[in-house]
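A quick write-up on the structure given underneath.
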Amino acid sequence: QVQLAESGGGLVQPGGSLRLSCRASGSISSIAAMGWYRQAPGKQRDFVASITSSGNTYYADSVKGRFTISRDNAANTVWLQINSLKYEDTAVYYCNTFWFLYGQRREYWGQGTQVTVSS
């Protein structure tokens, strides 16, 4: 079974930076993409960024230019470098890995790590 473990969240002032990490363990697919989602209280879980096994990256418009996603396939680890933090970035950030099996999306989720932006 696949398990994801996030770390790196914390309390930071506006304009600050954080680096989140997520390590996947278990029988992860060799073609699986990895990504980050976030959820603020009372809000839906929103897509933040993802990266494919070949290194193609995708970002939500709200974070593009401030966040950078990267991965180490050998270590099954994905990072999210977060710069220029804003109040609206406050959320629980969830690591995700997904792939397609017979055209259907399959995925696993981590437990989340809290990012709080406060002055």
*More than 12 heavy atoms of other residues, nucleotides or ligands under 6.0 Å from CD of Glu107: is that the case?*
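Yes - once you tally the heavy atoms of other residues, nucleotides and ligands closer than 6.0 Å, there are more than 12.
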_Does Gln104, at its CD atom, have more than 12 non-hydrogen atoms belonging to other residues, nucleotides or ligands within less than 6.0 Å?_
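Result for CD/Gln104: open.
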*Is there a donor-acceptor contact under 3.5 Å linking the side chains of Tyr87 and Ser119?*
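Checked: Tyr87/Ser119 side chains pair up, N/O donor to acceptor below 3.5 Å.
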State, to 0.1 Å, how close [X] and [Y] come at their nearest heavy-atom pair, and which atoms those are.
{"X": "Gly9", "Y": "Val115", "answer": "CA-CG2, 4.2 Å"}
{"X": "Met34", "Y": "Cys95", "answer": "CE-SG, 4.3 Å"}
{"X": "Ile69", "Y": "Tyr59", "answer": "N-OH, 2.9 Å"}
{"X": "Leu80", "Y": "Ala49", "answer": "CD1-CB, 4.2 Å"}

*Are Trp109 and Phe47 grouped together when hydrophobic residues (ILVMFWY) are joined by side-chain heavy atoms under 4.5 angstrom apart?*
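Same hydrophobic cluster.
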*Out of curiosity, does Tyr94 fall in the hydrophobic cluster containing Val48 (side-chain heavy atoms, cut-off under 4.5 Å, transitive links)?*
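Hydrophobic grouping puts Val48 apart from Tyr94.
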Under 4.5 Å between any side-chain heavy atoms of [X] and [Y], yes or no?
{"X": "Trp99", "Y": "Ser53", "value": "no"}
{"X": "Gln81", "Y": "Ser17", "value": "yes"}
{"X": "Thr52", "Y": "Tyr58", "value": "yes"}
{"X": "Val63", "Y": "Arg38", "value": "yes"}
{"X": "Leu20", "Y": "Trp79", "value": "no"}
{"X": "Thr97", "Y": "Val2", "value": "yes"}
{"X": "Tyr93", "Y": "Ile82", "value": "yes"}

Under the 3.5 angstrom rule, does the side chain of [X] hit a backbone N or O of [Y] as a donor-acceptor pair?
{"X": "Arg23", "Y": "Thr77", "result": "no"}
{"X": "Glu6", "Y": "Gly112", "result": "yes"}
{"X": "Thr116", "Y": "Leu11", "result": "no"}
{"X": "Arg105", "Y": "Leu101", "result": "no"}

When rounded to the nearest 0.5 angstrom, what is the spacing between [atom1] in [X] and [atom2] in [Y]?
{"X": "Phe98", "Y": "Phe100", "atom1": "CZ", "atom2": "CZ", "value": "6.5 Å"}
{"X": "Thr68", "Y": "Asn83", "atom1": "OG1", "atom2": "CG", "value": "6.5 Å"}
{"X": "Gln111", "Y": "Ser7", "atom1": "CD", "atom2": "OG", "value": "13.5 Å"}
{"X": "Ser25", "Y": "Leu4", "atom1": "OG", "atom2": "CG", "value": "7.5 Å"}
{"X": "Thr57", "Y": "Lys64", "atom1": "OG1", "atom2": "NZ", "value": "8.0 Å"}

*State which residue, out of Asp89, Leu85, Thr90, fulfils the side-chain contact (heavy atoms from CB on, under 4.5 Å) condition with Val12.*
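Between Val12 and the candidates, side-chain contact (heavy atoms from CB on, under 4.5 Å) is satisfied uniquely by Leu85.
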*Charged tip of Arg45 within 45° of Tyr37 ring normal and under 6.0 Å*: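 No, Arg45 does not lie over the aromatic ring of Tyr37.
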